[in-house]
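Keep in mind it's a predicted model, so treat the numbers as computed, not measured.
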Amino acid sequence: MTATPATPATPSPTPAPTPAPTLPSASAIPPLPPTATRVLVLNSGSSSVKYQLLDMADGERLAVGLVERIGEETSRLVHTPLRPAHGEGTGMKRETVGPIADHEAALKAVAAELAADGLGLDSPDLAVIGHRVVHGGLRFTEPTVIDEDVCAEIERLVPVAPLHNPANLLGIRTTMAMRPDLPQVAVFDTAFHTTMPEAAARYAIDTEIADAHRIRRYGFHGTSHAYVSRETARLLGRDPADVNVIVLHLGNGASASAVAGGRCVDTSMGLTPLEGLVMGTRSGDIDPAVTFHLMRNADMSAEDVDALLNKRSGLVGLCGDNDMREIRRRIDAGDARAALAFDVYIHRLRKYIGAYYAVLGRVDAVAFTAGVGENAAPVREAALAGLTSLGLAVDPERNAQRSAGARIVSPDGARVAVAVVPTDEELEIARQSYALVRRERVA
């Protein structure tokens, strides 16, 4: 008998502590000239800014860069022009070291670097600035044109994303001041996961307390899961609406998602990015009572436990390393701690693959992405070992081959395709931002 995919339940409404803001519409933006095809993508962290300038006419990158250690004497800006307007210095990295006081100074320095390549923020070819925002709660289910009401809502969500939303907001406010005439769009990590049914999104705790404090499973890495699930369908030559995919985003942070016909129906991260898979420094799933036990018996504060589970757990807690390459080297040298860390990592990963197979009912592909997922062949092989009864296997030769492109690594004729699909969150943010201001659909 052929299994059919599970049909997500229709989410029931969740009481909101404050009325939803009236979100701005792209229709309020004046029509863009046909030549305005560039998108600046910004990812503002607490002490860093990553950026890329892309031309959506062909999807090519014009420049990439990073500002780090903002607020320190040893701030560093690394800028690489990939297609400068004047045709000089292509691919030649420029590095500047010296104090950069704050995000405003950082973004002004970025603007100066781009201007030096003929790609300045004042260019009429710049259509929109797209911002990565980690937490959008339940309000933001799509990319959103930014105004002051949107900024206020992002700020209201700071208690559930204290490390990320304030930094994202700094970048937004700075560029809004620099280019108040230019459309700015927020693309939310959580948005892709807002299609989860309530059965997957709810924790089994008192609903009044949960609603009052916005406690539910939001999920993260959403731009990556959206991009990879769609690219996997494209790799198979099929419409994303007809494909069920398990996406495994395996980097230092790691998450899994079950995607049915282009819609997320479950994901491993929850209220915060701590839940789910074993990660580089995060524990992933753990009995909540461990927290109480440590507070009562190890004289640890809530802050101590938070630091333990987020910064000194996962692979680094098990063996002292969070680099999978080093862990594999240690395993080959006979290191028992490294071997145990790898086994714990794989065991959790296999559990989620099996669980999401059950959630979906039918799986067309399993897609590995991000640093570990794209590059660690032993992880892919071990995660799927012994799952041939589910149609899951890798071809040893294909799996061992390294490539920068998307590829199938399962044997010919496999019931379920196993794919390696490099993620591209910046391109996804650019696509979503550009489509919104052009009032088009992301292809």
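- Tyr51 pairs in a side-chain hydrogen bond (donor to acceptor under 3.5 Å, both in side chains) with only one of the listed residues (Glu426, Glu113, His79), which is His79.
- Counting only N and O atoms by type, the side chains of Glu68 and Ser48 include no donor and acceptor under 3.5 Å apart.
- Minimum heavy-atom separation, Ala106 to Ile70: CB-CD1, 3.7 Å.
- In this structure, His193 has its ring center at least 6.0 angstrom away from the ring center of Tyr218.
- Of the possible donor and acceptor atoms, none in the side chain of Asp239 sits under 3.5 Å from a partner among the backbone N and O of Asp242.
- Phe188 meets the ring pair (Phe, Tyr, Trp, His ring centres under 6.0 Å) test with Phe140; sequence neighbours excluded.
- Residue pairs that meet the salt bridge (charged side-chain N to carboxylate O under 4.0 Å, His left out) test with at least one member in residues 40-54, sequence neighbours left out, do not exist here.
- Glu326 CD: more than 12 foreign heavy atoms inside a 6.0 Å radius.
- Side-chain contact of His221 with Ser255: a donor-acceptor pair under 3.5 Å is present, judged by distance alone.
- Under the 4.5 Å side-chain criterion, counting only non-hydrogen atoms from C-beta, Glu155 is not in contact with Asn165.
- Between Thr175 and His131, the side chains place a donor N or O and an acceptor N or O closer than 3.5 Å (distance only, hydrogens not considered).
- Gln432 places none of its side-chain heavy atoms less than 4.5 Å from the side chain of Val185.
- At a cut-off of 3.5 Å, with distance as the only test, a side-chain donor of Glu374 or Thr369 sits close to an acceptor on the other residue.
- Remark: aromatic rings of His249 and Phe368 are distant, center separation not under 6.0 Å.
- In summary, Arg216 and Asp211 do not engage in a salt bridge, as defined by a charged side-chain N under 4.0 Å from a carboxylate O.
- Side-chain contact check for His347 versus Val278: every heavy-atom pair is 4.5 Å or farther apart.
- Counting non-hydrogen atoms of other residues, nucleotides and ligands closer than 6.0 Å to CD of Glu95 gives a total above 12.
- The side chain to side chain contact (heavy atoms under 4.5 Å, CB included) with Val160 is formed by just one residue from the set Val134, Thr272, Leu271; it is Leu271.
- Asp285 and Tyr352 are linked by a side-chain donor-acceptor pair at a separation below 3.5 angstrom, with hydrogens and angles left out of the test.
- Under the 3.5 Å distance criterion, with hydrogens and angles disregarded, no donor-acceptor pair is assigned to the side chains of Asn168 and Ser44.
- Between the Asn244 side chain and the Gly261 main chain, a donor and an acceptor come within less than 3.5 Å of each other.
- Cation-pi geometry between Arg328 and Phe342 is satisfied (NZ or CZ under 6.0 Å from the ring centre, within 45° of the ring normal).
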